[in-house]
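Structure first, then comments.
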Amino acid sequence: MTENNHSEHKKIDFNLKIDHDLLKKIIKIVVVFSAMVLVFGAGVFVGQMKAKFSYRWAENYHQNFGGPRGGFMGDWRRRPLPPPEDFVGGHGIFGPIIKIDGSTLTINGKNGVETAVFVSIQTEIRSPLGVLKISDLKLDDQITVIGSPNSQGQVEAKLIRVF
Amino acid sequence: MTSYMNGNHQKFQLEPPAGLFDRIIRAIEREQGRRQARKLLFGFSALLVVSLVSTPFSLLFLIGQIKSSGIFYYFSAAIGNLGLFLALWQDFSLAILEALPIIAMAVFAASFAVSLFTVRLFLHKKICRWDICCVP
């Protein structure tokens, strides 16, 4: 009778251990899958933002920087998709100022891509020496711009940091 | 049981020793195991060499991509203006995410992971027991 109780206890312990191990594995799989979905979703979101700004930047190139209506590359929408690194980010720009036109700056950004930056009243312009105004900016000043893209293919600056 | 005749036309009967068949089968299995282990050893050695060579190059590529991406400028702007960073954390985060060199990071991570995996295999001798695959 005592031996039967002992073997019954062993069986129950073994079953509980299997359930516990199985549950741990299921939790691990769910956590890893959730992390993968989150990372993938973040990548898709960032990619969409870059593609949207790149499209608006190309559509408004002639308006912001000059050149023929259809651009120098003709109807670029009929061309094959450019590689991912060619898309232009609309939230962060860095490079020298190559043109100052009232409240619009033109920056020579990454890979030599020009980007128009719109400076509003709310834009904070900072340098190591302190707070600056737009009239203090000069050509060839190295700046970093943090802002958000608008529908004209420009970046509306919220912070301009002069290096 | 096999029967033989000698010169005096006397019949002998020979029986194989006990366990001969089992020993033959075990020797065949051991030899097959050795061949399999040698193939694995060759494959993983090649993989180890390729991954150890590619890892430093991919790291240099990643460092170059990070330098040209502008991420350091964004971090510098964030650290230099902490109050503004907290107010504009969404734009800062998106700027950094957009600037990340994803392809370089993926290539480096893959080559580093493969080299770690193959080094671990050799360190723990999981693919080659000296007595199985290296002793003739």
Side-chain angles (χ1 to χ4, degrees), chain A residues 38-54 57 83-96 107-113 115 117 122-132 142-150 155-163, chain B residues 51 54-118 120-121 124 126:
Chain A
L38 275 171
V39 168
F40 183 74
V44 167
F45 177 70
V46 172
Q48 276 179 336
M49 305 223 48
K50 276 179 96 168
K52 229 189 269 185
F53 180 69
S54 296
W57 176 89
E85 54 268 19
D86 276 4
F87 285 111
V88 185
H91 290 83
I93 318 280
F94 69 97
I107 314 296
N108 189 11
K110 189 180 159 191
N111 298 331
V113 174
T115 310
V117 175
Q122 281 91 32
T123 305
E124 293 273 346
I125 306 177
R126 301 274 178 98
S127 79
L129 300 171
V131 180
L132 302 177
Q142 291 282 339
I143 63 171
T144 298
V145 177
I146 301 292
S148 43
N150 64 16
V155 176
E156 288 185 4
K158 293 176 185 170
L159 167 68
I160 296 177
R161 170 119 173 117
V162 183
F163 286 94
Chain B
S51 62
S54 66
T55 299
F57 286 110
S58 60
L59 179 62
L60 287 172
F61 177 60
L62 175 64
I63 291 170
Q65 288 286 301
I66 287 174
K67 278 183 187 169
S68 63
S69 69
I71 285 178
F72 291 134
Y73 291 112
Y74 303 141
F75 277 121
S76 172
I79 291 165
N81 306 282
L82 271 176
L84 276 172
F85 168 67
L86 290 171
L88 303 172
W89 66 271
Q90 284 170 324
D91 292 309
F92 266 102
S93 307
L94 282 168
I96 290 166
L97 283 174
E98 282 173 357
L100 281 177
I102 297 295
I103 293 174
M105 286 165 72
V107 167
F108 171 69
S111 62
F112 187 57
V114 168
S115 51
L116 275 183
F117 173 70
T118 46
R120 181 181 171 273
L121 276 178
H124 287 268
K126 284 195 189 290

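In the text below, chain A, chain B and the rest are named by the order of the sequence lines, each starting its count at 1.
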- Contact winner vs chain B - A:Arg126, A:Met49, A:Gln142, heavy-atom pairs under 4.5 Å: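 Among A:Arg126, A:Met49, A:Gln142, the one with the most close pairs to chain B is A:Arg126.
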
- Item | Working for side-chain contact (heavy atoms from CB on, under 4.5 Å), residues A:Leu159 and B:Phe92 | CA-CA 10 Å; A:Leu159 167 68; B:Phe92 266 102; 3.6 Å; yes

- Please flag which part of B:Leu84 lies under 4.5 Å from any non-hydrogen atom of chain A: side chain, backbone, both or neither.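 Only the side chain of B:Leu84 comes within 4.5 Å of chain A.
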
Closest non-hydrogen atom pair between [X] and [Y], with its separation:
{"X": "B:Ser69", "Y": "A:Phe94", "value": "O-CE2, 3.2 Å"}
{"X": "A:Ser148", "Y": "B:Asp91", "value": "CB-OD1, 3.9 Å"}
{"X": "B:Tyr74", "Y": "A:Thr144", "value": "CD2-CG2, 3.6 Å"}

- Message: For the backbone of A:His91 and the side chain of B:Glu98, can you confirm whether one donor and one acceptor N or O come within less than 3.5 Å of each other?
- Response: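 Checked: pair present.
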
- So does A:Phe45 have more than 12 non-hydrogen atoms from other groups sitting under 6.0 Å from CZ?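 Counting other residues, nucleotides and ligands, CZ of A:Phe45 stays at 12 neighbours or fewer.
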
- Taking it one step at a time, do A:Ile143 and B:Tyr73 satisfy side-chain contact (heavy atoms from CB on, under 4.5 Å)? CA-CA 9 Å; A:Ile143 63 171; B:Tyr73 291 112; over 6 Å; no

